[in-house]
Asks: 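Let me begin by handing over the structure; questions about it come next.
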Protein chains: 2
Amino acid sequence: MALRPTTERGRQTRQRIVEAAAGVVADKGAVGASLDEVGARATASRSQLYHYFDDKADLLRAVAEATNDTVLGGQRDLFAELDSWDGLVRWTDALVGFQEQLGGRGGCPIANLVAQLGERDDDIRTVLASGFDRWEDHINAGLTAMVTRGELLPGTDVDWLAASTLASLQGGLILTQARRDPQALRRALDGALALIGTYRRAS
Amino acid sequence: MALRPTTERGRQTRQRIVEAAAGVVADKGAVGASLDEVGARATASRSQLYHYFDDKADLLRAVAEATNDTVLGGQRDLFAELDSWDGLVRWTDALVGFQEQLGGRGGCPIANLVAQLGERDDDIRTVLASGFDRWEDHINAGLTAMVTRGELLPGTDVDWLAASTLASLQGGLILTQARRDPQALRRALDGALALIGTYRRAS
DNA sequence: CCGCTACTGGACTGTCAAGTCCAGTAGCGG
DNA sequence: CCGCTACTGGACTTGACAGTCCAGTAGCGG
């Protein structure tokens, strides 16, 4: 079992390796990503790779954790405002805008790894599932706050609504990725908003 | 360019190869699938593989087309009844039931291939996108029939509703795959049904 | 029945890739 | 300043794999 680095220099090297690996995985896919390519991008030798990671699977596991943090971290500010209808709309607009910037490329990094590795590595799959759980928790917290402040009807099943919203988002992302068309995500998220809208309090 | 077989024997061999390849891809992922494994399962030698396919990418393209046909063909009977609320509910029950049989494993074969190959092979991505298009067309046809027979309100935006429904389904599948929990698909499809339900005619 | 072509068998080559091993050094604590 | 350990460099081995090439044959049409 590769030990966690004990020095600042070691921690920085490990971090460089994980970030480089995440980049290679984004470009080549998890299976197609080679350790040589990772080493070249991280400016790290094979010994360093094997100093910090038991094997390629161990490195990919670290990439999965980093991917969760990157995807969720990138939405932190939007999650903070997810407690109002306007915040919800801004969140969906930002997601679609981001896909427009990407030209519909890339899809969801977490979902990609589930499809590439999830059927053959339960540890990695579990890490990625926890990423989805955290994502859903953010949506759930926002919807709960909207109920609390009276923007959604009391008794709204926020657990179910949060789950349905995340599903719409994930589905919109895979369809966008296949079609290279961010409007696919727009339509999916509009569906989620329309469903949430049916629970809005009349004003 | 490998030619299409001209004899019945050749067609059967090519078919065996594609089916064997689809099985290896399901087990090992597209990138991890080796031609040796495909040959072993299809009882076909390397010469036969290269007689019918230019290279591995060419074979994977054929697998993508076969995957579309398999996934959509498997729902043919349900699609035929997708023109009523009851048919919609049966369709969603069947999809969830199928995931329960699988124990939440596998995910959507089309989406898996998009995530595994779609960022690096535009031909394959386009084939898979056409699979999603056909799937959405079936849903669209059902919703349109429901409007025509008065089960959904006139003026219902069936294009958008079909797109949103497919997104919910795809999202539910990826979340089910990550969590190994068919209830994730159940919740997603309930969201789709609830949204469609808002367009039902009062009776 | 024979010639020809599509189909078939499988050995072989070159390249890539994961993982191992040997050796050197930066930097920290005593 | 020195010893020690975490960190570093990179050569090397082994095995897997895609693709090429040579040769044989089943089966069909004339």
Side-chain angles (χ1 to χ4, degrees), chain A residues 1-64 116-117 120-121 123-124, chain B residues 1-64 116-117 120-121 123-124:
Chain A
M1 170 71 74
L3 296 175
R4 285 306 184 99
T6 58
T7 69
E8 186 53 33
R9 186 165 78 139
R11 278 189 285 275
Q12 285 180 2
T13 302
R14 186 184 190 278
Q15 179 65 19
R16 241 184 23 256
I17 292 171
V18 173
E19 285 173 6
V24 178
V25 163
D27 291 350
K28 305 287 183 66
V31 179
S34 77
L35 297 181
D36 283 340
E37 179 73 27
V38 172
R41 289 200 198 188
T43 316
S45 70
R46 316 197 73 69
S47 296
Q48 286 169 285
L49 295 180
Y50 284 90
H51 181 76
Y52 297 112
F53 302 99
D54 292 338
D55 50 21
K56 184 179 176 184
D58 193 24
L59 175 58
L60 289 177
R61 198 166 306 131
V63 167
Q116 291 167 12
L117 304 172
R120 281 161 287 286
D121 190 313
D123 285 342
I124 292 181
Chain B
M1 172 72 72
L3 297 174
R4 285 306 184 100
T6 59
T7 69
E8 186 53 32
R9 187 164 78 137
R11 278 190 285 274
Q12 286 180 1
T13 303
R14 186 185 191 276
Q15 180 64 22
R16 241 182 26 252
I17 292 172
V18 173
E19 285 172 5
V24 177
V25 163
D27 290 351
K28 307 285 184 67
V31 179
S34 76
L35 297 181
D36 284 340
E37 179 74 26
V38 173
R41 288 202 198 186
T43 317
S45 70
R46 317 197 72 68
S47 297
Q48 286 168 284
L49 295 179
Y50 284 91
H51 180 75
Y52 298 111
F53 302 98
D54 292 340
D55 49 23
K56 185 179 176 184
D58 193 23
L59 174 59
L60 289 177
R61 199 167 304 131
V63 167
Q116 291 168 11
L117 303 172
R120 283 161 287 285
D121 190 312
D123 285 343
I124 291 181

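Model, not experiment: these values are computed from the prediction.
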Asks: Answer yes or no: is there a donor N or O on one side and an acceptor on the other, between the side chain of A:Q48 and the main chain of A:S45, under 3.5 Å?
Replies: yes
Asks: Could you walk me through whether A:Q12 and A:T7 pass the side-chain contact (heavy atoms from CB on, under 4.5 Å) check?
Replies: CA-CA 9 Å; A:Q12 285 180 2; A:T7 69; over 6 Å; no
Asks: If I take atom CG in residue A:D36 and atom C1' in nucleotide D:dA11, what distance separates them, rounded to the nearest angstrom?
Replies: 12 Å
Asks: Check each residue of residues 39-53 of chain A for a non-hydrogen atom within less than 4.0 Å of any atom in DNA chain C, then write out the ones that pass by number, or none.
Replies: A:R46, A:S47, A:Y50
Asks: Please find the pair of heavy atoms, one from A:I124 and one from A:A64, that lie closest to each other, and give the distance.
Replies: CG2-CB, 4.0 Å
Asks: Rounded to whole Å, how long is the line connecting atom NZ of B:K56 with atom C1' of D:dA16?
Replies: 11 Å
Asks: Between the main-chain N or O of A:R4 and the side-chain N or O of A:R14, is there a donor-acceptor pair closer than 3.5 Å?
Replies: no
Asks: Of all heavy-atom pairs between B:V25 and B:A33, which one has the smallest distance, and what is that distance?
Replies: CG2-CB, 4.0 Å
Asks: Pull out every stem in DNA chain D, meaning runs of 3 or more consecutive Watson-Crick or G-U wobble pairs with both distances under 3.5 Å.
Replies: C:1-30 with D:1-30
Asks: Taking all non-hydrogen atoms of both residues into account, name the closest pair between B:R61 and B:D121 and its distance.
Replies: NH2-OD2, 4.0 Å
Asks: Within the 4.5 Å heavy-atom criterion, are A:Y50 and A:L35 side-chain neighbours or not?
Replies: yes
Asks: Along DNA chain C, 5' to 3', what are the outermost nucleotides having an atom less than 4.0 Å from a heavy atom of chain A?
Replies: C:dA17 to C:dA26
Asks: Should A:D27 and B:R120 count as an ion pair when the cut-off is N to O under 4.0 Å?
Replies: no
Asks: Under 4.0 Å, heavy atoms only, any strand: does B:A33 hit a base, just the sugar-phosphate, or nothing?
Replies: sugar-phosphate
Asks: When you check the gap from the basic side-chain N to the acidic O, do A:E8 and A:R11 get nearer than 4.0 Å?
Replies: yes
Asks: For the CZ atom of B:F53 and the CG atom of B:L59, what is their distance to the nearest 0.5 Å?
Replies: 5.0 Å
